[in-house]
Amino acid sequence: MKTIEKNRLAVHSRRGGALVMTAIAITGMSVLALGMVAVQLSAAVEQHRAQQEQRAALAAEAGLADAFVDLQHDGDGNLGSLNQPLDLAGGKVLVESQSFGPAGRLMRVMSTAGVGDARARAELILHDNVDTLFVWGAFGEAGLSLSSQAKVDSYDSTQGSYAFQVMNGTGSNSWANDEGSVGSNYDVVVGGNALVFGDATCGQSSTTTVLGQGEVSGSTAAALQAVVFPPIVVPVIPSTGNRTFSINTTLASGQHHMGMTQVRAGVTVMVTGPATLVFDSFEMKSNSNFRIDSTNGPVDIFVLDDFIMRGNTLLASNDLDPCDLRINLLSDNIVDPNALVDLDDVGFRSNAKLYGTLYAPDARISIESNFELFGSVIAEQVSLGSNARVHFDEALTRMLPPGVARYTRITWRVMH
């Protein structure tokens, strides 16, 4: 009996052990299965996050692409906002652009995108291909002054006429935009009741002085570096001699070189662009007009000596676009005590109007009372008389040679 009982106990013991081992095995397999599930879940989460990061990177790149197109079409490259980001490529995108580098010729475009919890940033560095001096309403290398009630403001000729854009102020103090900056490599003087809607930038070691009730809407800080004037290169064109326009005349497109040239009172001369005109001297008598047909291209004028616009004259393209007319004066009318020279006569008389850019690196440009210039004037010295008006055309800052894109890409990278 004892032997039978011992055998029964042994059997039960073996069965219990097997059950324990089975339970341990099942538990192990369960833990292993849970581990495998956890691993699979973790892998799925990682895969999902990786997909979100990839989508965020694509969305950030899409933001750069849209900003690049916007900049090439004269936009500012800033897209979306913190409160209202763009919906691009399945992500929420904010793009910010800012110029930097020498003369602001470089542009940094930063695109930030989010998809779920994933974030990505992409950066684009561009080079601005616009290279122009005409970023000022008026600039005098050796000094600039505004007399009482002179005014400089700005407008954009691509957005319509100046009059259409005058939305601020009243009467003689009305103005359009506030990009009409003035400057010099030396002193800037803003007279009593003169108005500058923009910056008034003096040279590095000089001062900007605002007198009486004069006002400058922008900065009066000194420049960080001097503006360098490039020389004027006059095209070589055989001269046809002196010319007097006594009746209405149309000049064909192409190249023309005339000697002493005069437009008689009441006469209109029409120049068909594109054209290049060289004058030994040029004078417009009162109430005369010198117009540009810029349908097929702009006109460049080079004057070697005297340049005179008398009262009530008009020098402009038919559509009054300052970008259509570029005037280059080699005139020298500044007294040099160390040299005996025949000073040129440079005159911008009262009640005349000029639409274009005026570049005179060796001349003093004195714009008389009630003269109105739409575009930009850059000279050795600039003086704006009482009630003279300069309306800077912002479109000048975007002028490019034909076939040249505004921006060239330098670098493009994604930063997770």
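Not measured: the values here are computed from a predicted model.
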Query - Note, Gln255 side chain near Pro238 side chain (heavy atom, < 4.5 Å) - result: no
Query - Heavy-atom donor-acceptor pair, Thr397 side chain to Ala395 backbone, under 3.5 Å - result: no
Report task. Determine the minimum heavy-atom distance between Val166 and Ser174, stating which atoms define it. Result -> CG1-CB, 3.7 Å
Report summary line: Exactly one of Arg105, Arg406, Arg398 clears salt bridge (Lys or Arg N to Asp or Glu O under 4.0 Å) with Asp128, and that residue is Arg406
**Report entry** Test item: Thr112 and Lys92 side chains (from C-beta on) under 4.5 Å apart, heavy atoms
**Finding:** no
Query raised in the report: Between Phe290 and Phe279, what is the ring plane arrangement, given parallel below 30°, perpendicular above 60°, and tilted in between?
Result: perpendicular
Query - Spacing of Phe371 atom CZ and Lys353 atom NZ [to the nearest 0.5 Å] - result: 10.5 Å
Query raised in the report: Does Gln165 use its side chain to pair, donor to acceptor, with the backbone of Gly160 at less than 3.5 Å?
Result: yes
Report task. Working to the nearest 0.5 Å, report the span between CE of Met270 and OG of Ser317. Result -> 9.5 Å
Requested in this report: Would you indicate whether Arg264, at its atom CZ, is surrounded by more than 12 heavy atoms from other residues, nucleotides or ligands within a distance under 6.0 Å?
Outcome: no
Query raised in the report: With no hydrogens and no angle check, do the side chains of Thr295 and Asp293 hold a donor and an acceptor under 3.5 Å apart?
Result: yes
**Report entry** CA sep, side-chain torsions, deciding dist, call: Trp136, Thr201, side-chain contact (heavy atoms from CB on, under 4.5 Å)
**Finding:** CA-CA 10 Å; Trp136 311 85; Thr201 305; 4.0 Å; yes
Query - Qualifying residue, where the test is side-chain hydrogen bond (donor to acceptor under 3.5 Å, both in side chains) with Tyr162 and the options are Asn177, Asp153, Asp156, Asp393 - result: Asp153
Query raised in the report: Given side chains that start at C-beta, do those of Asp74 and Thr158 come closer than 4.5 Å, heavy atoms only?
Result: no
**Report entry** Least distance between heavy atoms, Asn168 atom then Ala176 atom
**Finding:** ND2-O, 2.7 Å
Query raised in the report: Do Phe245 and Leu251 touch side chain to side chain, with heavy atoms closer than 4.5 Å?
Result: yes
Report summary line: Of all heavy-atom pairs linking Leu146 and Leu195, the shortest is CD2-O, 4.2 Å
Query - Within-4.5 Å side-chain heavy-atom neighbours: Val109 and Leu126 - result: yes
Report task. For residues Asn185 and Phe139, determine if any side-chain heavy atom of one lies less than 4.5 Å from a side-chain heavy atom of the other. Result -> yes
Query raised in the report: Can you find a heavy atom in the side chain of Asn387 that is under 4.5 Å from one in the side chain of Ser350?
Result: no
Report task. Measure the CG-CZ distance between Leu314 and Arg291 for me, rounded to the nearest 0.5 Å. Result -> 5.0 Å
Query raised in the report: Does the Gln72 side chain pair with the main chain of Tyr407, one donor and one acceptor, at a distance under 3.5 Å?
Result: yes
Requested in this report: Could you please spell out the steps behind the side-chain contact (heavy atoms from CB on, under 4.5 Å) verdict for Leu354 and Leu325?
Outcome: CA-CA 9 Å; Leu354 167 61; Leu325 177 60; 4.1 Å; yes
**Report entry** Mutual orientation of the aromatic rings belonging to His391 and Phe374 [parallel < 30°, tilted 30-60°, perpendicular > 60°]
**Finding:** tilted
Query raised in the report: Should we count CD of Gln204 as having more than 12 external heavy atoms under 6.0 Å?
Result: yes
Report summary line: Value for CD1 (Ile365) from OG (Ser383), rounded to nearest 0.5 Å, stands at 10.5 Å
Requested in this report: Decide if atom CD of Gln213 counts as having more than 12 heavy atoms of other residues, nucleotides or ligands within a radius under 6.0 Å.
Outcome: no
**Report entry** Heavy-atom side-chain contact between Met399 and Thr357 under 4.5 Å
**Finding:** no
Query raised in the report: Is the centre of the Tyr359 ring less than 6.0 Å from the centre of the Phe229 ring?
Result: yes
Query raised in the report: Have Thr209 and Asp187 got a donor and an acceptor in their side chains that come within less than 3.5 Å?
Result: no
Query raised in the report: Counting only N and O atoms by type, is there a donor-acceptor contact under 3.5 Å from the side chain of Ser111 to the main-chain atoms of Ala60?
Result: yes
Report task. Please say whether more than 12 non-hydrogen atoms of neighbouring residues, nucleotides or ligands are located less than 6.0 Å from CE in Met260. Result -> no
Query raised in the report: About how many Å separate CD of Glu368 and CG of Asn370, when rounded to the nearest 0.5 Å?
Result: 10.0 Å
Query raised in the report: Taking Asp199 for the side chain and Ser219 for the main chain, is one N or O donor matched with an acceptor at less than 3.5 Å?
Result: yes
Query raised in the report: Does Thr272 reach the main-chain N or O of Ser253 with its side chain, forming a donor-acceptor pair under 3.5 Å?
Result: no
Report summary line: Tightest non-hydrogen contact, residues Ala363 and Ser331, listed as CB-O, 3.4 Å
Query - Separation of Gln262 CD from Asp306 CG (nearest 0.5 Å) - result: 11.5 Å
Requested in this report: Please assess Phe302 against His257 for the test side-chain contact (heavy atoms from CB on, under 4.5 Å), listing each intermediate value before the final yes or no.
Outcome: CA-CA 9 Å; Phe302 297 84; His257 184 172; over 6 Å; no
Report task. Search all heavy atoms of Ala200 against all heavy atoms of Thr208 and return the closest pair with its distance. Result -> O-OG1, 3.0 Å
Query raised in the report: Do the side chain of Ser386 and the main chain of Ser148 share a donor and acceptor less than 3.5 angstrom apart?
Result: yes
Query raised in the report: When you measure from the side chain of Thr313 to the backbone N and O of Asn289, does any donor-acceptor pair fall under 3.5 Å?
Result: no
Query - Arg349 versus Arg310, closest heavy-atom pair with distance - result: CG-CA, 3.5 Å
Query raised in the report: Under 3.5 Å, is there a donor-acceptor pair between the side chain of Asp300 and the main chain of Thr276?
Result: no
**Report entry** Check: Glu96 side chain, Asn78 main-chain N or O, donor-acceptor pair, under 3.5 Å
**Finding:** no
**Report entry** Check against side-chain contact (heavy atoms from CB on, under 4.5 Å), Asp70 and Val95
**Finding:** CA-CA 11 Å; Asp70 182 62; Val95 184; over 6 Å; no
